[in-house]
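A short worksheet on the structure shown next.
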Amino acid sequence: MTNAEIARLFGEIADMLDILGEDRFRVISYARAARQIESLTGDVEALVRAGRLGEVAGIGPALSEKIAEFVATGRIGVHEELRTKFPPGVLDLLAIRGVGPKKVRLLWQDLGITTLEDLEAAARQRRLRRVKGFGEKTEENILRAIELHRQGMTRALLWDAAALVDRFIAHLRSAAPLDRVEPVGSFRRMRETVGDVDILVTTSDPKAVVAAFTSAPGVREVLAEGEVKSSVLVEYVGYVDDRSRMFQVDLQVLKPESWGAGLQYFTGSKDHNILLRAMAERRGMKLNEYGVFRGEARIAGATEEEVYAALGLPWIPPELREDSGEVDAALAGGLPQLLEGRDIRGEFHVHTDATDGTEPIETMVDAARRLGYGYVGISDHSVSATVAFGLTADKALERRDRVRALNRELDGFAVLLGTECDILYGGAMDYPDEVLREFDFAIAAVHSKFTLPEKEQTARIVAAVENPHVNILAHP
DNA sequence: GCCGTTTTCGGCCCGACTGTTTTCAGTCG
Ligand SMILES: Nc1nc2c(ncn2[C@H]2C[C@H](O)[C@@H](COP(=O)(O)OP(=O)(O)OP(=O)(O)O)O2)c(=O)[nH]1
Ligand SMILES: [Mg+2]
Ligand SMILES: [Mg+2]
Ligand SMILES: [Zn+2]
């Protein structure tokens, strides 16, 4: 919680300094530090205690001191002093698309606008156009942007985004001549949540691709439409809550020779990009989404490997591109080996047609072997899971002979007979201990009473995992 | 405010789209 709170305060300091017209590089420092702390995987307080804050890129003596101040007192003095200069509501104006720090400053200073309601009223009354740089179109855009803001947009689960990605790419393929297409941004970096969907395309006909993009099914708003890039808002339905929401999709279109540089740029992260671009500059090169250049000459750009190699780096997996030390590690030849799908050796949570699966044990074993697994654990439901056709103890255990036969037959592959056993209301297991001990393994799972008070639910689960015959706790 | 195999001071990523503007600033990716 402390990480999120410090990130929020640094973000607000950046916004306030920006609106006040302070040095933009100081603004950038606060904004970058906010992103860094937000994406730390460990507790910032632990770093403070260990005196290791300075190891985080972009956090120097001044910011370290402010973080330490927050950890000690729960406040950041600079933030509180700045806050007194701003009427409540002013910072909220920044959430409106198309309204940035410069416009907020003008709206506030010239028209006394400090809230969204003020802004809406002034736009309706056509008073914005009196301000330098504002016109009729700006008023229209701001009114529409306020409307969209009020519908509320949140980050999406990677899973929801995946459905949207599939839909969009299928449409693009069917409606325009694509060379290559790839979902990029935080989606490619496999973040747990994504703020939007970013898609990279190469083609010989950019106009056709952009046109197909902006007219895709579900598009409710075209935010920008240019020669090589476009942004839209689409409606999508959440997998978990089945609710309809608006979500942004960004498109970048490039020529085939820039595929690698485009992938590098559009995959990000932003801070990773800035790091690479600064590094290119120091080495007398320039890096952008079109390629790596030395003078006028493009020296790399067709593949990502080539782009990283031109900078003297090995290819860095997207999951690591977060400005969290990956560039230094790559330079030192010390990138970590990431887990891959092929590292998965087997699975224990496998149902069959005996309960709510659709295939018999033998078919599941075949499928596991085709995936290159070394073992599979069969775990059908226990008797109380009636909606999932849970098995009586006798029915569950009578399959031991079948499993033994399979194991005799198979070389270098193990089949285990287990159970996904319900945790009953009070924490007792659905099968008695004499039955549980007969299985090769037992998973404990909650399939009822999901909404118990936290204390009771926790006690229930703790009781289950304390059972000596339980090996695995299932899904939440 | 941060940071460095050309720097401890003087730089700080780079480009597209939009609207307002007679040549470019602001915002966004
Ligand atoms: N060089 C550079 N690249 C940027 C900048 N902003 C964004 N990008 C690149 C890197 C990002 O990963 C990519 C997509 O931008 P997004 O705003 O969609 O960010 P991203 O997908 O990383 O995170 P998100 O989950 O959408 O918030 O565009 C920038 O200021 N400079
Ligand atoms: Mg994104
Ligand atoms: Mg984006
Ligand atoms: Zn289950």
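Note on naming: letters A, B, ... go to the chains in the order of the sequence lines (proteins, then strands), and numbering restarts at 1 for each one.
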Requested in this report: Considering only NZ, NE, NH1 and NH2 on the basic side and carboxylate oxygens on the acidic side, decide whether A:Glu322 and A:Arg189 come within less than 4.0 Å.
Outcome: yes

Query raised in the report: Within the pair A:Lys137 and B:dG19, is there a side-chain N or O less than 4.0 Å away from OP1 or OP2?
Result: yes

Report task. Establish, with yes or no, whether the OP1 or OP2 oxygen of B:dA25 is under 4.0 angstrom from a side-chain nitrogen or oxygen of A:Lys132. Result -> no

Query - 5' priority, DNA chain B, between A:Tyr290 and A:Lys102 [closest heavy atom] - result: A:Tyr290

Query raised in the report: Now, which nucleotide makes the Watson-Crick or G-U wobble pair with B:dT18, with each of the two distances under 3.5 Å?
Result: B:dA25

Query raised in the report: Say you pick atom P in B:dA16 and the same atom in B:dT21; how far apart are they, in whole Å?
Result: 24 Å

Requested in this report: Side chain of A:Tyr30 only, please: which of B:dG15, B:dG1, B:dT5 is the nearest?
Outcome: B:dG1

Query - Within 45° cone and under 6.0 Å: A:Lys66 NZ/CZ vs A:Phe10 ring - result: no

Query raised in the report: Does a side-chain N-to-carboxylate-O contact under 4.0 Å join A:Arg144 and A:Glu147?
Result: yes

Query raised in the report: How far, in whole Å, is B:dG15 from B:dT5 if one measures between their C1' atoms?
Result: 30 Å

Report summary line: Looking only at B:dT18, B:dC13, B:dC2, the nucleotide nearest the A:Ser29 side chain is B:dC2

Query raised in the report: Less than 6.0 Å separating the ring centroids of A:Phe213 and A:Phe168?
Result: yes

Query raised in the report: Could you walk me through whether A:Leu276 and A:Val327 pass the side chain to side chain contact (heavy atoms under 4.5 Å, CB included) check?
Result: CA-CA 8 Å; A:Leu276 293 193; A:Val327 173; 4.1 Å; yes

**Report entry** Test salt bridge (charged side-chain N to carboxylate O under 4.0 Å, His left out) applied to A:Arg277 and A:Glu281, step by step
**Finding:** CA-CA 6 Å; A:Arg277 287 170 180 215; A:Glu281 205 193 11; over 6 Å; no

Requested in this report: For B:dA16, take OP1 and OP2 only and decide whether either is under 4.0 Å from a side-chain N or O of A:Tyr265.
Outcome: no

Query - Phosphate OP1/OP2 of B:dG29 contacted by A:Ser231 side-chain N/O (<4.0 Å) - result: no

Query raised in the report: A:Asp250 has a side chain; which of B:dG26, B:dC2, B:dG29 sits nearest to it?
Result: B:dG29

Query raised in the report: According to a strict under-4.0 Å criterion, is A:Gln252 in side-chain N/O contact with OP1 or OP2 of B:dG15?
Result: no

Requested in this report: Could you work out which one of B:dG26, B:dG29, B:dC2 sits closest to the side chain of A:Lys103?
Outcome: B:dG26

Query raised in the report: Reckon A:Ile59 touches a base, only the sugar-phosphate, or nothing at all at heavy-atom distances under 4.0 Å?
Result: sugar-phosphate

Report task. Would you please confirm or rule out a distance under 4.0 Å between OP1 or OP2 of B:dC13 and any side-chain N or O of A:Asn273? Result -> no

Query raised in the report: Given that A:Gly100 and A:Ala224 both sit by DNA chain B, which one's nearest nucleotide is further toward the 5' end?
Result: A:Ala224

Query raised in the report: Of the nucleotides B:dC13, B:dA16, B:dC12, which one has an atom closest to the side chain of A:Lys229?
Result: B:dA16

Requested in this report: Syn or anti for B:dT5, please, going by whether the chi angle lies within 90° of 0.
Outcome: anti

Requested in this report: Kindly say if A:Arg26 contacts the phosphate of B:dG1, meaning a side-chain N or O under 4.0 Å from OP1 or OP2.
Outcome: yes

Query raised in the report: Think A:Asn288 has a side-chain N or O under 4.0 angstrom from the OP1 or OP2 of B:dC13?
Result: no

Requested in this report: Could you measure between the two C1' atoms, the one in B:dG1 and the one in B:dT8, and give it in whole Å?
Outcome: 15 Å

Report task. Rounded to whole angstrom, note down the C1' distance from B:dT23 over to B:dG29. Result -> 24 Å

Query - Side-chain N,O (A:Arg32) to OP1/OP2 (B:dC13) below 4.0 Å - result: no

Report summary line: Among the nucleotides B:dC17, B:dA16, B:dC13, whichever has the atom closest to the side chain of A:Ala278 is B:dC13

Report task. Between B:dC17 and B:dT22, how far apart are the P atoms? Round to whole Å, please. Result -> 23 Å

